[in-house]
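These values consider heavy atoms only, across backbone and side chains, with no hydrogens, waters or symmetry-generated copies. Naming convention: chains lettered A, B, ... in sequence-line order (proteins, then strands); numbering from 1 in each chain.
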There are 2 protein chains.
Amino acid sequence: MTDVAARAGVAASTVSHVVNGTRPVSTELRRRVLEAIEETGYLPNRIARSLVTSDTHLIGIVMSALTNRFFVAVVAAMERAGRRHGYSSVLADSRDSVQGEADAVNALLSRRVDGIVLAPVAGDRKPVLDRLLSEEVPTVLIDRFADSRFDQVGVENIESTASLVEHLAALGHSRIGFIGGLKGLSTTEERIRGYRLGLERSGLGYDHNLVASGRSAAAPAEQALGLLLDRPAPPTAIVSGNNYMTIGVLAGLRKRGMRVPDDIALVAYDDIEFAEVFHPRLTAIAQPVLQIASTVVNLLIRRMTGKDGAGPPQATRLPGTFVHRESCGCPPNGSAPPARSQPRRHPEQPPRSRHALVAEG
Amino acid sequence: MTDVAARAGVAASTVSHVVNGTRPVSTELRRRVLEAIEETGYLPNRIARSLVTSDTHLIGIVMSALTNRFFVAVVAAMERAGRRHGYSSVLADSRDSVQGEADAVNALLSRRVDGIVLAPVAGDRKPVLDRLLSEEVPTVLIDRFADSRFDQVGVENIESTASLVEHLAALGHSRIGFIGGLKGLSTTEERIRGYRLGLERSGLGYDHNLVASGRSAAAPAEQALGLLLDRPAPPTAIVSGNNYMTIGVLAGLRKRGMRVPDDIALVAYDDIEFAEVFHPRLTAIAQPVLQIASTVVNLLIRRMTGKDGAGPPQATRLPGTFVHRESCGCPPNGSAPPARSQPRRHPEQPPRSRHALVAEG
DNA sequence: ATGAAAGCGCTAACAT
DNA sequence: ATGTTAGCGCTTTCAT
């Protein structure tokens, strides 16, 4: 920058002002400065800038597992939304442990990120959250609702899970099994509540023999499925609690030679990227990934810039979409499922591409 | 930091030295400093640190599409590998355009990242690459080989694609179709060369009527498939050039009511996360994601730290893994495919989990 | 409209 | 073994 100033024959502060447009500069000087910048290939040093302005235009993203499609989609969407506003994204994997989460947060804090997006791990997250609060760095919690002192954004779980159950019940199923997620996650608990709600609304009783924990992962879900199927009165339909568990369920059913939906019906929470090519195609609740991402980023930016800023923390639950296909037992172009609180759409009217199926591998 | 120094009754430089262990400090003073740090909850400001040391311990990652499973897996693995060495990762999506790539690189440069990992877009990347070179920031190119002035890491494409073709040929197929990727990507070109090599080795001639471009995405791949199937002499087996195109092929086959592998055999480049639950399960080349990631990070760190540093740029091509399942037409526990240059393994001996199927959605 | 100078929070000589 | 001091490359008063 000193170099540029010298070449243009102006003071450093003038260079700064033409770069940032922070005060009027005569056309002549501006021209000379711009020229000098061009010649030298000068690129402002944001580190130095940050030191004085004490903002970094950095958003820290702490996720438990970047291998998870849902989180990845959210990260990708946030990165884009953020960059439109001049923010870059720093990634930190919490490795699904309380310690890893604390490390990740500290790393971000010491880099002085302007804001943090955090998908809290299961476990005692109080210390980290307290820390975040005392450091006063704007933070929004994503996916899992963990602490009402923070802004939180996630999918609406109860009604949508209920709608899955009600759909199966309307199809005549009375023994509907449920494969739930990891204990201690709000998503898990809410989806179970949705399951019970759906049963209730359908006039069906709750039977704990029809519920097992798939611990949010494929392999345990496969085991959980085995448990349910080996009951004296096994379920005739299954509700899977998330994308990975659906994989486990599918694998388990295949090994047992059971066909969906002839031998057993299957519906799931989370749409799967490849759901369209499964045979039969999966009836599922799709999460509003893009909306979650943009809600998070907008909220965060409001908090960071202080504009409209304060206000009490808010929890936003975005509705999922009931994607009606055939794994529930309905015919390929069958009638719409029994209407209820969920917005419905049939895949024949192509989805506003939730997954951009593009590019190279 | 001044606060900490005051509380501990020492000079700021002493605080710095206990924090960084950069010079011996008496146990007494160290104790007092540590105590003061504890009391104040002091967190070193890496921004200020970076300004003087002129390193940020930041790695910039420029990817064309974070929605792509393969890239995501690599990013996740790099993030972990990097953080083990004290580096954080800044993400930048090039939005698959030359302009987007340039913007992304500039953003990273202006943040003074210590190194960059770049998956070059298709198109004229020369300007960006020249820029990178002149800025002298250590850079490694990933996946697509674009410029030999840089370190490059990717999968070996030719031999592995050839092995796919040879396998089909050995099964008796003589009309083997190929759905290729986007023009201008080295992966696309190499896989086509592999296809031709496989044909040649199998004593089969090249017929351009059996080759079509799926432009690296699902929808165009589905069209490309249609093209091939409508030929007077359609292929009896298909080789798909990447994961997304496989989705398109699968979708296309389903719409035509063609069954794999009875009506047509299918093998693919890129293993798919859910390949195990497809019916039939997909025979594919799996990319060595973890190895690619750790190779990239190690290389980058060597260049950044200057240790062992200089040396000419090197191109590393890591071998893929032939994952033999049933979509090729082999029986579920069939014999191994005809051996050739590729390492083989049968899924029955469980893979060193390429995809951690864990966590929550 | 422009320049001079102070200072952001650190590290690294340079002293002692 | 510890303290003092001079910057790192910017932004931002405060003068002019």
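No donor-acceptor pair closer than 3.5 Å links the side chain of B:Asn20 to the backbone N or O of B:Thr22. Side-chain atoms of A:Ser216 come within 3.5 Å of backbone atoms of A:Leu182 as a donor-acceptor pair (strictly under, hydrogens ignored). Within the 3.5 Å criterion, the main-chain N or O of B:Leu185 finds no donor-acceptor partner in the side chain of B:Arg144. Side-chain atoms of A:Glu101 do not come within 3.5 Å of backbone N or O of A:Val128 as any donor-acceptor pair.
Among residues at least two apart or in separate chains, side chain to side chain donor-acceptor pair (under 3.5 Å) pairs with a member in residues 118-127 of chain A are A:Lys126-A:Asp130. Screening residues 36-48 of chain B for side chain to side chain donor-acceptor pair (under 3.5 Å), with sequence neighbours left out, gives B:Arg7-B:Glu39. Within the structure, salt bridge (Lys or Arg N to Asp or Glu O under 4.0 Å) pairs that include any residue of residues 105-117 of chain A do not occur (at least two apart or interchain).
The closest side-chain heavy-atom distance from A:Arg80 to B:Asp93 is below 4.5 Å. No side-chain heavy atom of B:Val113 sits under 4.5 Å from any side-chain heavy atom of B:Ile59.
Judged as a salt bridge (Lys or Arg N to Asp or Glu O under 4.0 Å), and not counting sequence neighbours, the contacts of A:Arg317 are A:Glu190. For A:Glu79, the salt bridge (Lys or Arg N to Asp or Glu O under 4.0 Å) partners are A:Arg83, not counting sequence neighbours. Qualifying side chain to side chain contact (heavy atoms under 4.5 Å, CB included) partners for B:Leu318, counting only residues two or more places apart in sequence or in other chains: B:Val153, B:Pro288, B:Gln291, B:Ile292, B:Thr295, B:Thr316. Under the ring pair (Phe, Tyr, Trp, His ring centres under 6.0 Å) criterion, A:His17 pairs with no residue at all, not counting sequence neighbours.
Atom-to-atom, CE of B:Met1 to P of D:dT4 comes out at 13 Å; the value is rounded to the nearest Å.
Nucleotides of DNA chain C with any atom under 4.0 Å from a heavy atom of chain A span, from 5' to 3', C:dA1 to C:dG9.
Near-neighbour residues of DNA chain D inside residues 6-16 of chain A, defined by a heavy atom below 4.0 Å, number-ordered: A:Ser13, A:Ser16. For the contact set between residues 17-30 of chain B and DNA chain C, defined by any heavy atom under 4.0 Å, the members are B:Asn20, B:Arg23. Of all the residues in residues 34-57 of chain B, B:Leu51, B:Val52 reach under 4.0 Å from DNA chain D with at least one non-hydrogen atom.
By the 6.0 Å contact criterion, CD on B:Glu136 is open, its count of non-hydrogen atoms from other residues, nucleotides or ligands being 12 or less.
With respect to A:Arg32 and A:Glu35, no salt bridge is recorded, no charged nitrogen being found less than 4.0 Å from a carboxylate O.
Comparing the axis of the opening five pairs of the helix from C:dA1-D:dT16 to C:dT16-D:dA1 with that of the closing five pairs yields an angle of 40°, rounded to 10°.
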